[in-house]
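Quick note: numbers below take in every heavy atom, side chains included, and nothing from hydrogens, waters or symmetry partners. Counting starts at 1 for both ligands and their atoms, following the listed order.
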Amino acid sequence: MLSGMSVFREDILEGHVALITGGGTGICRGIARAYLAHGAKVCITSRRRELIETVAAELSAETGGEAIGVAADVRDPEALVAVVDATMERFGKLDTLVNGAAGNFLAPAVGLSSKGFRTVVDIDLCGTFNAAKAAFAAIEGAGDGLILNISATLHYHGTPLQIHASAAKAGVDAVTRNLAVEWGPLGIRVNAIAPGPIGDTEGMKRLTPGELAAKLAGQIPLRRFGTIDEIAQMAVFLRSRAASYVTGSIFVVDGGQSVTTVGFT
Ligand code: COA
């Protein structure tokens, strides 16, 4: 989504600087692109150095914005501090953190090792906490801060083969509410987006093979998967002044999937 295709004014995010974990691919690459296209400066981070540097260069060229890519594993708190430092050094401030780094795979509980469960909780949940801690001082200092966590709807019901990711995302929702309460008085809003099935992501292609995807889409009230741009637009709204009184909220963007009873749509 370049700003011309967005419903928002082109300069609506001017003056903001965002750190986006998991920004090399999928939904968070889309959020990075949208933020850049609307005037924010962006640091994206992921484990893969080459990928993250290439994507930062691509996004800068495509949007005309300023992006840097710095490699870090969100399981490593010190590496995240280094990413925050690099962002401050380049852009002079940091007022926004998007926690998007996530790992997932399909596994039945009975076949999932303790380490497998912990690995996903470490990335999705502990990684969110680690990044929030690493960015806190910079975001508090900047004023008008925002932490935006990418959650999910998996844990609203029991989701087969997803016990690890469901537990992790339930924790992300708890972190969202707790930080909103603790950091609201310090001028930091904390919200989450809970995407449903988003069709044009690597995760969706991997986790929902062909036939299952068509069946799943048929059970969604809006009868289709969402797009990365539809999540990115919500992320732009939450960073904008239009959301200045919004904190502790989890925005479900799922075509109505999580409120329907399968078989009745
Ligand atoms: N099924 C069952 N267990 C799995 C698994 C799978 N498909 N993939 C990983 N695990 C388990 C491993 O078996 C290991 O546990 P064990 O040593 O007891 O067997 C544990 O998870 C750690 O795996 P490892 O590959 O060493 O961890 P990692 O830190 O390198 O990567 C992930 C973990 C989750 C990120 C990895 O699955 C991955 O790279 N996924 C693709 C990227 C991705 O998930 N993107 C997000 C899309 S939503």
[atom] within contact range, any protein heavy atom under 4.0 Å:
| atom | answer |
| --- | --- |
| atom 38 (C) of ligand 1 | no |
| atom 34 (C) of ligand 1 | yes |
| atom 8 (N) of ligand 1 | yes |
| atom 12 (C) of ligand 1 | no |
| atom 3 (N) of ligand 1 | yes |

Problem set entry | Those atoms of ligand 1 less than 4.0 Å from some heavy atom in Ile123 | 35 (C)
Exercise. Going by the order shown, which atoms of ligand 1 are within less than 4.0 Å of some heavy atom of Gly116?
Worked result: 11 (C), 15 (O), 20 (C), 21 (O)
Give a yes or no answer on whether the side chain of [X] reaches the backbone of [Y] with a donor-acceptor pair at less than 3.5 Å.
| X | Y | value |
| --- | --- | --- |
| Thr201 | Met204 | yes |
| Lys169 | Ile150 | yes |
| Lys205 | Gly199 | no |

To check your reading of the model: name the closest protein heavy atom to [atom], its residue, and the distance in Å.
| atom | value |
| --- | --- |
| atom 22 (C) of ligand 1 | Thr119 OG1, 3.3 Å |
| atom 44 (O) of ligand 1 | Asn104 N, 2.8 Å |
| atom 36 (C) of ligand 1 | Phe105 CD2, 4.7 Å |
| atom 28 (P) of ligand 1 | Arg47 NH1, 3.9 Å |
| atom 26 (O) of ligand 1 | Lys115 NZ, 4.6 Å |
| atom 42 (C) of ligand 1 | Arg206 NH2, 3.9 Å |

Exercise. What distance do Phe225 atom CZ and Gln257 atom CD have between them, rounded to the nearest 0.5 Å?
Worked result: 8.0 Å
For this session: Of the side chain and backbone of Ala102, name the one, both, or neither that has a heavy atom under 4.0 Å from an atom of ligand 1.
Result: backbone
Exercise. Is it the side chain (CB and beyond), the backbone, both or neither of Arg75 that lies under 4.0 Å from ligand 1, heavy atoms counted?
Worked result: side chain
For this session: Check each of Gly103, Ser113, Ala165 against atom 16 (P) of ligand 1 and report the one with the nearest heavy atom.
Result: Ser113
For this session: Anything under 30° is parallel, anything over 60° is perpendicular, the rest tilted; go ahead and classify His164 against Phe105.
Result: tilted
Charged N to carboxylate O below 4.0 Å: is that the case for [X] and [Y]?
| X | Y | value |
| --- | --- | --- |
| Glu14 | Arg9 | no |
| Arg239 | Asp144 | yes |
| Glu202 | Arg206 | yes |
| Glu182 | Arg177 | no |

Exercise. Looking at side-chain heavy atoms only, is the closest gap between Tyr35 and Val98 below 4.5 Å?
Worked result: yes
Problem set entry | Test item: Leu148 and Asn99 side chains (from C-beta on) under 4.5 Å apart, heavy atoms | no
Exercise. Hey, does Arg118 sit under 4.0 Å from ligand 1 if you only count heavy atoms?
Worked result: no
